[in-house]
Amino acid sequence: MRGRHLLALPAGLLAGFMLLLALRADAWGQSLVADLSSHLIAITTGFTGTDVVLFGAVDGEGDVAVVVQGPEGEVTVRHKDRVAGIWINTDEIAFARVPAFYTVALSAPLDGVVPPAVLQRHEIGLDYIRLAPTQKIDKAEKLAEYRAALIRNKQRMGLYTTEAGEVSFLGQRLFRTRIHFPANVPTGTYTASVFLIRDGDVVSAQTTPLLVSKIGFSANVTEFAQRQSVFYAVLSIMLAVTAGWLAGIIFRKS
């Protein structure tokens, strides 16, 4: 079961929040306001993934795009070839500032409606994520091949969206979408960016932070492993040896 406690907002309460956002948009003269049902995803023992609701309001017609991504880091993509009957790494490309997680949701398809330059500027869609190599690559075909491989690997792990989610409108102004975070979602700081698009351009945008963090016993184990790496390694070996010894005694008696 996917941590539905983050979605435990009653329909009336969620509608109330959305109405308050709409009123705030009117009061402040904003074109777009949005928020999350939770700004913290707590990873505990037995975490199997969870959903977070993003909701908001706009001041008129337009399409809404939601991009959730983070945290960033360097990723190396390697190419393997068979040499003398053995598969070995023969080439690699490192990409800087790669989001560990990426998903997008749209109220309507944007291809052919919004110029690629606008989508690229705001990284709306997998084809427009800025994945810059750390070294100069002379062949564009080679860069495109490794870039596609990186995205495929992330999709295989469930960390990159395979297709855009849906942003649903409730009436003319209120909208909402549901963002799924898998069980293997990395910890760190994420951003949920919402874009209001009219006449092929972004007319308003808002970014909201989201934190994914371990808490409880799993967090204590992680912290101990990072701060006392030598002791953690020794303790792990001792536990493994003890478990093997106990298993040998049990099976010998049986």
Side-chain angles (χ1 to χ4, degrees), residues 1-11 13-14 17 34-55 66-77 97-105 126 150-163 165-166 176-193 207-254:
M1 186 166 89
R2 302 185 209 159
R4 297 180 182 272
H5 59 283
L6 292 179
L7 300 179
L9 289 175
L13 183 58
L14 180 58
F17 279 136
D35 204 353
L36 297 166
S37 60
S38 176
H39 292 268
L40 170 66
I41 294 178
I43 298 179
T44 59
T45 304
F47 178 76
T48 58
T50 191
D51 292 347
V52 173
V53 174
L54 183 146
F55 53 93
V66 175
V67 175
V68 180
Q69 59 180 321
E72 295 181 342
E74 183 174 305
V75 175
T76 300
V77 181
R97 300 187 64 183
V98 177
F101 177 88
Y102 179 93
T103 189
V104 61
L126 284 175
L150 189 158
I151 292 175
R152 282 197 308 271
N153 290 339
K154 291 288 189 179
Q155 288 177 323
R156 195 176 298 116
M157 298 167 64
L159 296 175
Y160 276 21
T161 184
T162 54
E163 58 183 25
E166 180 184 3
R176 60 174 287 173
T177 188
R178 183 170 295 187
I179 307 156
H180 177 64
F181 294 87
N184 60 335
V185 61
T187 58
T189 302
Y190 291 66
T191 57
S193 301
T207 298
T208 303
L210 172 68
L211 180 64
V212 178
S213 178
K214 291 183 178 181
I215 64 172
F217 177 74
S218 59
N220 294 333
V221 171
T222 301
E223 183 179 1
F224 176 74
Q226 292 175 346
R227 293 189 176 183
Q228 305 290 342
S229 56
V230 175
F231 291 136
Y232 178 78
V234 172
L235 181 59
S236 299
I237 294 172
M238 291 176 62
L239 288 175
V241 171
T242 303
W245 176 70
L246 290 175
I249 293 177
I250 293 173
F251 283 111
R252 192 179 303 121
K253 288 183 178 179
S254 61

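Computed from heavy atoms alone, side chains included, the values below leave out hydrogens, waters and symmetry copies.
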Are [X] and [Y] packed together at the side-chain level, in the sense that at least one heavy-atom pair is separated by less than 4.5 angstrom?
{"X": "Pro71", "Y": "Phe101", "answer": "no"}
{"X": "Tyr160", "Y": "Asn153", "answer": "no"}
{"X": "Arg178", "Y": "Val52", "answer": "no"}
{"X": "Tyr190", "Y": "Ile41", "answer": "no"}

Ignoring hydrogens and geometry, is there a side-chain-to-backbone donor-acceptor pair from [X] to [Y] under 3.5 Å?
{"X": "Ser38", "Y": "Leu40", "answer": "yes"}
{"X": "Thr177", "Y": "Glu166", "answer": "yes"}
{"X": "Asn184", "Y": "Met157", "answer": "yes"}
{"X": "His39", "Y": "Pro209", "answer": "yes"}

What's the spacing between [X] [atom1] and [Y] [atom2] if we round to 0.5 Å?
{"X": "Thr103", "Y": "Leu126", "atom1": "OG1", "atom2": "CG", "result": "8.5 Å"}
{"X": "Thr48", "Y": "Ile43", "atom1": "OG1", "atom2": "CD1", "result": "11.0 Å"}
{"X": "Leu150", "Y": "Gln155", "atom1": "CG", "atom2": "CD", "result": "10.5 Å"}
{"X": "Leu36", "Y": "Ile179", "atom1": "CG", "atom2": "CD1", "result": "6.0 Å"}

(message) Can a side-chain donor-acceptor contact be found between Thr191 and Thr207 if the only test is distance below 3.5 angstrom?
(response)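 No donor-acceptor contact under 3.5 Å links the two side chains.
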
(message) For Glu163, I'd like to know if atom CD has over 12 heavy atoms of other residues, nucleotides or ligands within 6.0 Å.
(response)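 No.
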
(request) Identify which one of Asp51, Leu159, Val68 satisfies the side chain to side chain contact (heavy atoms under 4.5 Å, CB included) criterion when paired with Phe181. (result)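 Between Phe181 and the candidates, side chain to side chain contact (heavy atoms under 4.5 Å, CB included) is satisfied uniquely by Val68.
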
(request) Identify the heavy atoms of Pro186 and Ala100 that sit nearest to each other, and give their distance. (result)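 Shortest heavy-atom separation between Pro186 and Ala100 comes out as CG-CB, 3.7 Å.
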
(request) Taking all non-hydrogen atoms of both residues into account, name the closest pair between Leu54 and Ala192 and its distance. (result)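 Looking at all heavy atoms of both residues, the closest pair is CD1-CB, 4.0 Å.
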
(request) Assess whether side chain to side chain contact (heavy atoms under 4.5 Å, CB included) is satisfied between Arg176 and Val53, documenting all intermediate values. (result) CA-CA 7 Å; Arg176 60 174 287 173; Val53 174; 3.9 Å; yes

